[in-house]
Every structure is written in C-alpha cells, then in structure tokens.
Amino acid sequence: MRARSVPALLFALFSAAMLGLAAGAAWMVVALYSRHPLPWLAVPIGVALAWVIRAGVRRPGTGAMLLAAGATALSAIYVNLLIAGVKVAGSMGLDLIEAMRTAGIGMLWQLARMGLTPADFIWTLLAMLLAGWLASRQRRPPPPPPEKNT
C-alpha cells in the first residue's frame, strides 16, 4: 500500500461510517413516525448507501463492496440502539440524549439485542448482500454520441 493511499482509505472508511450513521438516524425517524420497527427498510437504505459509495470510489470492486455492506450493517445497529434509547427515554421521562448517556452503550446494546427478531437479521443480511453486490458492480460506460451525417 502506498503512502498516498492511506489518507484516501481513511477518508473512505470515515465517509462510509458517517453515511451509515446518517442512514440509521433517518431510519429511526421513519420508524418512530410509523410506530413500527420497519426491518425491511434495511434494503432500500442498503441500496442507497451502495449507490452513494459506488459513486464516491475510483474503481468499484471489493473495497466498495465491503464499505457498502459495512455501512448497511452500521445503520442497522445504530437504528436499533437509537430505538432502545427512545424506549428508555419514554419510560423514564427523559430526553433522548440524557437517556442514552444515563443508560450507556452497554445497556442500550443489551436492550437492542433483546428486541431483535430473526426477521431483523434476515432483512439486514439481505440488505448487506445487495448493497455489497451493487457497490462492487462496474459503472456502465456512457453511450457514444450519435454520429452526424452531413
């Protein structure tokens, strides 16, 4: 690995993580408004993450595949942690940030794990596979311009 590629790799990892966290937060908002966990929403979120990551890398391939699948998994984990925090906040009469600080990451993780169903795992795995596949595909070259006959 060249020294020039290390900052690019770190930036790609950071960007994929931030995209995954942002997607998880948006997913939480939709889930809270619908009052259902919506595990199937992992698939469209994974597709969106794959498109964004594929557009941001120089050459789609294994790296883009791993970034998209990881960002999708991170968004699924984050939404479950946020929903656990919302449940704690609602039951204790606190705001979300205060409840998450008070509960701590360990308790939120345990609450999130207790609320997971097999369907959550299946949807997340399907979304990770689809995101990885979409991100690793090569972009189609643009069509050639039409020839002018004069």
Side-chain angles (χ1 to χ4, degrees), residues 1-87 89 96-97 99-101 103-149:
M1 180 181 288
R2 291 180 292 184
R4 280 182 56 195
S5 63
V6 172
L9 174 66
L10 292 176
F11 181 71
L13 288 172
F14 178 77
S15 297
M18 292 301 108
L19 286 168
L21 292 175
W27 184 357
M28 184 209 54
V29 170
V30 173
L32 288 180
Y33 275 114
S34 71
R35 298 181 188 257
H36 297 289
L38 305 176
W40 57 268
L41 207 54
V43 174
I45 284 176
V47 169
L49 288 170
W51 286 341
V52 170
I53 289 172
R54 186 175 75 178
V57 296
R58 219 177 299 158
R59 290 176 297 172
T62 306
M65 177 182 69
L66 293 174
L67 286 173
T72 304
L74 182 62
S75 69
I77 291 168
Y78 190 55
V79 73
N80 286 312
L81 290 174
L82 288 174
I83 289 175
V86 166
K87 288 179 181 178
L96 179 60
I97 302 299
M100 291 181 78
R101 277 192 195 133
I105 190 73
M107 182 178 173
L108 291 174
W109 176 247
Q110 291 300 321
L111 289 171
R113 282 186 42 213
M114 286 178 11
L116 291 177
T117 64
D120 295 327
F121 290 110
I122 292 169
W123 283 111
T124 301
L125 182 63
L126 179 67
M128 288 173 62
L129 291 172
L130 183 61
W133 178 71
L134 287 174
S136 67
R137 292 179 47 201
Q138 296 294 323
R139 291 185 210 114
R140 291 186 197 150
E147 294 181 20
K148 293 184 180 182
N149 292 333

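Owing to the predicted nature of the structure, the values given are computational and were not obtained by experimental measurement.
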Kindly compute the distance separating CG (N80) from CG (L116), expressed to the nearest 0.5 Å. 5.0 Å
Are side-chain heavy atoms of L66 and T62 found at a separation under 4.5 Å? yes
Any pair with a residue in residues 116-136 that passes side-chain hydrogen bond (donor to acceptor under 3.5 Å, both in side chains), sequence neighbours left out, goes on the list, sorted by first then second residue, please. T117-D120
Looking only at non-hydrogen atoms, find the nearest pair between R54 and R137 and report the distance. CD-O, 3.3 Å
Taken to the nearest 0.5 Å, the spacing of L82 CG from L108 CG works out to 8.5 Å
Roughly how far, to the nearest 0.5 Å, is the CE atom of M65 from the CE atom of M128? 10.5 Å
Taking only residues two or more places apart in sequence or in another chain, which ones pass side chain to side chain contact (heavy atoms under 4.5 Å, CB included) with R113? W109, Q110
Looking only at atom types and distance, does a side-chain atom of W27 sit under 3.5 Å from a main-chain N or O of L38, one as donor and one as acceptor? yes
What distance separates F14 CZ from L19 CG, expressed to the nearest 0.5 Å? 10.0 Å
Which pair of non-hydrogen atoms, one from A17 and one from L74, has the smallest distance, and what is that distance? O-CD2, 3.4 Å
Minimum heavy-atom distance between A50 and A131, given as atom pair plus value: CB-O, 3.3 Å
So, for A31 and P37, which heavy atoms are closest and what is the spacing to 0.1 Å? CB-O, 4.0 Å
Can you name the nearest heavy-atom pair linking I53 to A16, along with the distance? CD1-CB, 4.2 Å
Check whether any side-chain heavy atom of I105 sits under 4.5 Å from a side-chain heavy atom of L81, and report yes or no. yes
List the atom of A68, the atom of A135, and the distance in Å for their closest heavy-atom pair. CB-CB, 3.6 Å
For I45 and T72: C-alpha separation, side-chain torsions, deciding distance, then whether side chain to side chain contact (heavy atoms under 4.5 Å, CB included) applies. CA-CA 7 Å; I45 284 176; T72 304; 5.6 Å; no
